[in-house]
Amino acid sequence: MKITPHEQRVLVLKKRNAPKEGSLTTRATMGKMPAGTLKTRLKKLIEGGLDRDRAIEIALDRPIGPQGRPRKT
């Protein structure tokens, strides 16, 4: 019996990666922030002399500002 492409897609399931608990990606997702933004903020805060854990708290507390060029009204 021949398996059609439609049936074959049902048989092969893709593995989904679950994010690790406590990782930066998970914290960024919970804080509704892109992971890249969080990493950039952390880098600047750590270079400024803050502890990593404290820098994560501060970075997540700051709101995300408007992106791009402002529109003319």
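The chain is numbered in sequence order, starting from 1. Because only heavy atoms are used, hydrogens play no part in the values below, and waters and symmetry mates are left out as well, while side chains stay in. For clarity, every value in this text was computed on a predicted model and none was experimentally measured.
In this structure, Arg62 has no salt bridge (Lys or Arg N to Asp or Glu O under 4.0 Å) partners at least two apart in sequence or on a different chain.
Among pairs with a residue in residues 47-60, those fulfilling side-chain hydrogen bond (donor to acceptor under 3.5 Å, both in side chains) read Arg54-Glu57, at least two apart in sequence or across chains. Sorted by first then second residue, the side-chain hydrogen bond (donor to acceptor under 3.5 Å, both in side chains) pairs that include residues 26-40, not counting sequence neighbours, are Ser23-Thr26.
Closest heavy-atom contact between Ala28 and Ala35: CB-CA, 3.9 Å.
Under a 4.5 Å side-chain heavy-atom criterion applied to ILVMFWY residues, the cluster that includes Ile58 comprises Leu45, Leu50 as well. Under the 4.5 angstrom side-chain criterion for Ile, Leu, Val, Met, Phe, Trp and Tyr, the cluster partners of Met33 are Leu24, Leu38, Leu42, Ile56, Leu60, Ile64.
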